[in-house]
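The structure appears below as structure tokens.
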Amino acid sequence: MSAPTVARPQVSEFEDRRSIPVPPEAGFTAEDLDRIPDLPPHTELIDGSLVLVSPHKTFHMFVLKLLERQMDDQIPAGLLTYRECTVVLGERQRPEPDLMLVDAEALTSMDDTWVAPDAVRLVVEVVSPQSEVRDHERKPQLYAGAGIPHFWLVEKEDAEGAVVYAYELDPVNGGYTMTGVHRKRMKADAPCELDIDLTRLPRTGHSG
């Protein structure tokens, strides 16, 4: 008699990946984000739920490098560019904008993991396929509700170009109003004077 066939256990493609804790009934709080061990990088808290970020595409990386470098060369001494830092907007709201301009006096320690919204002058979100709805809808609502005065949304418009949609907080309706759409070059006078050359993104296959 032949030996019985033993079925191999089903292995999930996610089996070896780190587990994410189940949220409490009322959702996680902003403070929980610093206490939960082994969270993946760039985990955000939106409406009490953990939001995990997929690996970014090269467009996302190069846009942020372009903006950060040019901003660092132009912003006044009273401002700092922030990346990879969350902003606490409420008890259960702690998103991580792609880029921020923050009052320099808000930097109180090199161990800070978040910044308060009243110190933030500008938030920038570079749209990714997996974050499109959040970047277009929920995050602007949260940023505006917290009183952050300026918001930029950056999208990939064609094969390699970027377009920046600039918004300013309307104190009457409490939401953002579009102030401009920028391609190739972006000139802004708020939150400070900036002149951004959007054509300096790398081109694929360019050998220099």
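The CG atom of Leu80 sits 9.0 Å away from the CG atom of Asp103 when rounded to the nearest 0.5 Å. To the nearest 0.5 angstrom, Thr81 atom OG1 is 3.5 Å from Asp72 atom CG. Atom CG in Leu89 sits 12.0 Å away from atom CD in Gln141 (nearest 0.5 Å). Atom NZ of residue Lys156 and atom NE2 of residue His60 lie 13.5 Å apart, to the nearest 0.5 angstrom. Between the OG1 atom of Thr29 and the CG atom of Leu33 there is a distance of 9.0 Å, given to the nearest 0.5 Å. Taking OG1 from Thr179 and CG from Asp170, the interatomic distance works out to 12.0 Å, rounded to the nearest 0.5 Å.
Residues that satisfy the side chain to side chain contact (heavy atoms under 4.5 Å, CB included) test with Pro140, not counting sequence neighbours, are Phe151, Tyr176. For the side chain to side chain contact (heavy atoms under 4.5 Å, CB included) test, no residue two or more places apart in sequence or in another chain qualifies with Ser49. Glu193 meets the side-chain hydrogen bond (donor to acceptor under 3.5 Å, both in side chains) test with no other residue; sequence neighbours excluded. In this structure, Tyr82 has no side-chain hydrogen bond (donor to acceptor under 3.5 Å, both in side chains) partners at least two apart in sequence or on a different chain. Residues passing the salt bridge (charged side-chain N to carboxylate O under 4.0 Å, His left out) test with Glu155: none are found, sequence neighbours excluded. The salt bridge (charged side-chain N to carboxylate O under 4.0 Å, His left out) search around Arg69 returns none, not counting sequence neighbours. Partners of Ser109 according to the side chain to side chain contact (heavy atoms under 4.5 Å, CB included) rule, which considers only residues two or more places apart in sequence or in another chain, are Asp111, Asp112. Asp47 meets the salt bridge (charged side-chain N to carboxylate O under 4.0 Å, His left out) test with Arg138; sequence neighbours excluded. Residues forming a salt bridge (charged side-chain N to carboxylate O under 4.0 Å, His left out) with Glu96 (at least two apart in sequence, or on another chain): none. Ser128 pairs by the side-chain hydrogen bond (donor to acceptor under 3.5 Å, both in side chains) definition with nothing, not counting sequence neighbours. Qualifying ring pair (Phe, Tyr, Trp, His ring centres under 6.0 Å) partners for His136, counting only residues two or more places apart in sequence or in other chains: none.
At least one donor-acceptor pair under 3.5 Å links the side chain of Asp158 to the backbone N or O of Gly161. A donor-acceptor pair is defined here as one N or O able to donate and one able to accept, closer than 3.5 Å; no such pair exists between the side chain of Arg134 and the backbone of Val51. Of the possible donor and acceptor atoms, one in the side chain of Gln74 sits under 3.5 Å from a partner among the backbone N and O of Asp195.
Pro41 has its side chain out of reach of Val53: every pair of non-hydrogen atoms, C-beta onward, lies at least 4.5 Å apart. Residues Lys57 and Pro129 form a side-chain contact, since some pair of their non-hydrogen atoms from C-beta on lies under 4.5 Å apart. In this structure, the side chains of Leu169 and Tyr143 stay at 4.5 Å or more apart for every pair of heavy atoms. In this structure, Glu168 and Thr177 have side chains that are not in contact, with every pair of non-hydrogen atoms separated by 4.5 Å or more. Using a 4.5 Å heavy-atom cutoff, the side chains of Gln70 and Asp197 are in contact.
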Evaluation steps, side-chain contact (heavy atoms from CB on, under 4.5 Å), between Val115 and Met100: CA-CA 10 Å; Val115 64; Met100 293 185 282; 3.8 Å; yes
Side chain to side chain donor-acceptor pair (under 3.5 Å) evaluation trace for Arg94 with Thr86: CA-CA 6 Å; Arg94 190 173 163 181; Thr86 55; 2.7 Å; yes
Audit row: Glu91, Val88, side-chain contact (heavy atoms from CB on, under 4.5 Å) steps and yes/no: CA-CA 8 Å; Glu91 184 181 9; Val88 175; over 6 Å; no
side-chain contact (heavy atoms from CB on, under 4.5 Å) between Lys139 and Glu44, worked out: CA-CA 11 Å; Lys139 282 190 172 183; Glu44 301 179 282; 2.6 Å; yes
Step-by-step side-chain contact (heavy atoms from CB on, under 4.5 Å) determination, Leu153 to Asp135: CA-CA 8 Å; Leu153 192 69; Asp135 291 341; 3.9 Å; yes
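For Arg83, the CZ atom is densely surrounded, since the number of other residues' heavy atoms within 6.0 Å is greater than 12. Residue-environment remark: CG (Asn173) exceeds the threshold of 12 foreign heavy atoms within 6.0 Å.
Across every non-hydrogen atom of Ala26 and Arg92, the tightest pair is O-NE, 2.6 Å. Of all heavy-atom pairs spanning Ala144 and Gly175, the tightest one is CB-CA, 4.1 Å. Nearest heavy atoms, Ala77 versus Ala104: O-CB, 3.9 Å. Between Cys85 and Pro97 the shortest heavy-atom distance is O-CD, 3.8 Å.
In terms of hydrophobic clustering, with Ile, Leu, Val, Met, Phe, Trp and Tyr side chains grouped at heavy-atom distances under 4.5 Å, Leu142 and Leu52 are assigned to different clusters. Linking ILVMFWY residues whenever their side-chain heavy atoms come closer than 4.5 Å, directly or via other members, places Val127 and Val181 in the same cluster. Hydrophobic clustering (side-chain heavy atoms under 4.5 Å, transitive across Ile, Leu, Val, Met, Phe, Trp, Tyr) keeps Ile46 apart from Phe28. Put simply, Val102 and Met110 are part of the same group of oily side chains (I, L, V, M, F, W, Y) that touch within less than 4.5 Å, one to the next. Grouping the Ile, Leu, Val, Met, Phe, Trp and Tyr side chains by contacts below 4.5 angstrom, directly or via other members, places Val120 apart from Trp114.
Side-chain contacts under 4.5 Å among hydrophobic residues (ILVMFWY), followed directly or transitively, place Phe62 together with Phe59, Met61, Val63, Leu64, Leu66, Leu67, Met71, Ile75, Leu79, Leu99, Leu101, Leu122, Val124, Val126, Trp152, Val154, Val164, Met186, Leu194, Ile196, Leu198, Leu201.
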